[in-house]
Amino acid sequence: MEHPSVDKAVLVPFTKVAAGILRFSDIEIVGVCDYRDERVGKKTTEVAGEDVEELEIRPLEDLEELLEEAEWLIWTKEVFDEDEHYLRWREVIDLAVTKGVNVYNMGRLHMVSQDPNWRLEAHKRGVEYFDASDPELYLQYLEYGMRAREEGIDAEVVSIVGTGRRTGKFTTLNVIRETMEKEGVDVRSVGTEPSSLLTGCEAMVIPQVLPMAHAAGTVYGAVKKLDEEYEPDVILVGAQTGVTADPLEVGTGRGGALAALTILLGSDPDKMVLATRPELRDKIQDAAEVATMLTGARVQFISVNGKGHSESEVRRFCREIEAEFGYPAADPLRMREEFEELVLDLLVPDQV
């Protein structure tokens, strides 16, 4: 299954993944729908911040109208932690397929391809569908991983490491990339979110859907593939949850530290950037020590997700981090100039 080209789409529901697509992709978003009362009627900027395109979050009853304008329906919720999510997912996918609209499905382990009625209907109507959780998508990287163990990686690899959930890891990766590209650095990315290939990454690996024995090797293979195909200066690798998270955190479908450590070990980084938020201050030292012990790489700076805090509070937190832990810190959205300076310090002289 090849990754599709998505140009004009409707997003359902409005999640952090949907916000990331608005913030970092070139896709024309013709509308946003949600089935949750606390989201419907709000503006996307109210939920995600002023740096995303402002659209009204419309009720699911309006989806059929929006699909008239769209070429793709992007389902953005990965983990269904309530029965309602599954039922709404089926309702939304069914409407898109019967309306002849292509489907990009991010549901974790809930795949369009598993439903014979949808497959038949899609075939009859010429509808494309893409399941981001299909494990066969990532097997292409395994042979590269085996070769990487013998040949190594020429590019400098920078891995994002989290202290936990909601620490802005995806935003950190994308802002680092934007900053490097602005400086003329040839940079490529391995994303670990199901939207990664929609937002500029050249490779995507979702480790939670892979056999554990192959997951780290698959990440390493994705790094090797980009190294061979593009010969870049830098390869960025995304992250999930936190390296010291509870490994039994399975209810969220994120796999806790198991997924985080799989990505980290598979990326074999030269340098690391640690992402956190003020509420996880007590996780910073342990996360940095574990990541360094396992890889031999050093945390270069800390990226702070200051959502929900004032700019003055975020700046004070960053100063306190540097004073207590010795790592410079900045919020990639609130402190863009300072963050970009930290990114430039990542680069070796011949990359600037």
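Computed from a predicted structure; not experimentally measured.
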**Q** How close do Pro332 and Ser303 get, counting heavy atoms only, and between which atoms?
**A** CD-OG, 3.5 Å
**Q** Would you tell me whether Thr45 and Glu50 have side-chain atoms, one donor and one acceptor, within less than 3.5 Å of each other?
**A** no
**Q** Quick check for you: to the nearest 0.5 Å, what is the distance between Asp331 atom CG and Glu338 atom CD?
**A** 9.5 Å
**Q** Are Lys182 and Glu178 ion-paired here, with the side-chain N under 4.0 Å from a carboxylate O?
**A**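 No salt bridge links Lys182 with Glu178.
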**Q** Judged by atom type as modelled, is there a donor-acceptor pair below 3.5 Å linking the side chain of Arg334 to the main-chain atoms of His309?
**A**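 Yes: the side chain of Arg334 pairs with the backbone of His309.
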**Q** Looking at the rings of His110 and Tyr86, which for Trp means the six-membered one, are their centres under 6.0 Å apart?
**A** yes
**Q** Given 3.5 Å as the limit, does a donor-acceptor pair link the side chain of Asn105 with the main chain of Ala132, or not?
**A** no
**Q** Indicate, with yes or no, if the rings of Tyr104 and Phe130 have centres closer together than 6.0 Å.
**A** yes
**Q** Please determine if Lys99 and Glu68 form a salt bridge, counting it only when a charged side-chain N lies under 4.0 Å from a carboxylate O.
**A** yes
**Q** Answer with yes or no whether the side chains of Arg108 and Ser133 bring together a donor and an acceptor at under 3.5 Å.
**A** no
**Q** Do the side chain of Ser25 and the main chain of Leu22 share a donor and acceptor less than 3.5 angstrom apart?
**A**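 Not a single qualifying donor-acceptor pair exists.
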**Q** Are Glu320 and Arg281 close enough for a salt bridge, meaning some N to O gap below 4.0 Å?
**A** yes
**Q** Salt-bridged, Lys124 to Glu121, with N to O below 4.0 Å?
**A**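 The answer is yes: the pair qualifies as a salt bridge.
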**Q** Measuring from atom OH of Tyr35 to atom CD1 of Ile57, what distance do you get when rounded to the nearest 0.5 angstrom?
**A**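 CD1 of Ile57 is found 12.5 Å from OH of Tyr35.
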**Q** State, with a plain yes or no, whether a side-chain heavy atom of Val237 is found less than 4.5 Å away from one of Val158.
**A**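 Contact flag for Val237/Val158 side chains = no.
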**Q** Which atom pair, heavy atoms only, marks the closest approach of Ala155 to Asp227?
**A** N-OD1, 3.0 Å
**Q** Determine yes or no for a side-chain-to-main-chain donor-acceptor pair under 3.5 angstrom, with Asn174 supplying the side chain and Phe170 the backbone.
**A** yes
**Q** Is it the case that the side chain of Glu313 and the backbone of Ser310 share a donor-acceptor pair, with hydrogens and angles ignored and the cut-off at 3.5 Å?
**A** yes
**Q** Determine whether a donor-acceptor pair (N or O, by modelled atom type, separation under 3.5 Å) exists between the side chain of Thr199 and the backbone of Ser196.
**A**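 Yes; at least one donor-acceptor contact below 3.5 Å.
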**Q** Say whether Ser113 and Asp131, considering side chains only, have a donor N or O and an acceptor N or O under 3.5 Å apart.
**A** yes
**Q** Let me confirm one number: the CD1-OG distance from Ile263 to Ser159, rounded to the nearest 0.5 Å.
**A** 9.0 Å
**Q** Return yes when atom CD of Glu229 has more than 12 non-hydrogen atoms of other residues, nucleotides or ligands closer than 6.0 Å, and no otherwise.
**A** yes
**Q** What pair of heavy atoms forms the shortest contact from Thr44 to Val52, and how long is it?
**A** O-CG2, 3.9 Å
**Q** Step by step, work out the side chain to side chain contact (heavy atoms under 4.5 Å, CB included) result for Met106 and Ile74.
**A** CA-CA 8 Å; Met106 300 185 191; Ile74 302 179; 3.6 Å; yes
**Q** Check for me whether Arg90 meets the cation-pi criterion with Trp118, that is, NZ or CZ under 6.0 Å from the six-membered ring centre and within 45 degrees of the ring axis.
**A**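 Satisfied, under 6.0 Å and within 45°.
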**Q** In plain terms, say whether Glu279 and Arg165 are close enough for a salt bridge, that is, a side-chain N and a carboxylate O under 4.0 Å apart.
**A** no
**Q** Would you please test Tyr220 and Tyr141 for ring-ring contact (aromatic ring centres under 6.0 Å, His included) and show each step?
**A** CA-CA 8 Å; Tyr220 200 31; Tyr141 298 129; over 10 Å; no
**Q** Just by modelled atom types, is the Glu128 backbone N or O under 3.5 Å from a matching donor or acceptor in the Asn102 side chain?
**A**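 Indeed, once roles are kept as given, a pair shorter than 3.5 Å links the two residues.
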**Q** Could you tell me whether a side-chain N or O of Lys224 sits under 3.5 Å from a main-chain N or O of Gly152, the two making a donor and an acceptor?
**A** yes
**Q** Once you round to the nearest 0.5 Å, how far does CG of Asn305 lie from CG of Leu333?
**A**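 The CG atom of Leu333 is 7.5 Å from CG of Asn305, to the nearest 0.5 Å.
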**Q** Out of curiosity, Leu210 CG to Leu142 CG, how far, rounded to the nearest 0.5 Å?
**A** 8.0 Å
**Q** Is it the case that atom CD in Glu337 sees more than 12 heavy atoms from other parts of the structure closer than 6.0 Å?
**A**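 Open: at most 12 neighbouring heavy atoms sit under 6.0 Å from CD of Glu337.
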**Q** Does Glu202 come within less than 4.0 Å of Arg177, counting only side-chain N to carboxylate O?
**A** yes
**Q** Does Glu311 have any salt bridge (charged side-chain N to carboxylate O under 4.0 Å, His left out) partners at least two apart in sequence or in another chain, and if so, which?
**A**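 Salt bridge (charged side-chain N to carboxylate O under 4.0 Å, His left out) list for Glu311, sorted by chain: Arg315.
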**Q** Inspect the contact between Glu46 and Lys42 and indicate whether a charged nitrogen and a carboxylate oxygen are less than 4.0 angstrom apart.
**A**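 Looking at Lys42 and Glu46, the cut-off is not met.
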**Q** Looking only at non-hydrogen atoms, find the nearest pair between Ala216 and Thr262 and report the distance.
**A**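 The answer is N-CG2, 3.5 Å.
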**Q** Salt bridge check, Glu56 against Arg58: does any charged N sit closer than 4.0 Å to a carboxylate O?
**A**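 No.
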**Q** Taking the six-membered ring for Trp, is the centroid-to-centroid distance between Phe80 and Trp89 below 6.0 Å?
**A** yes
**Q** Check whether Lys271 reaches the backbone of Leu346 with its side chain - one donor and one acceptor, N or O, closer than 3.5 Å.
**A**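 Side chain of Lys271 to backbone of Leu346: a pair is present.
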**Q** Check whether more than 12 heavy atoms from other residues, nucleotides or ligands sit under 6.0 Å from atom CG of Asp26, and answer yes or no.
**A** no
**Q** Quick check for you: to the nearest 0.5 Å, what is the distance between Asp62 atom CG and Asp34 atom CG?
**A** 12.0 Å
**Q** Between the side chains of Thr167 and Thr276, does any donor sit under 3.5 Å from an acceptor?
**A** no
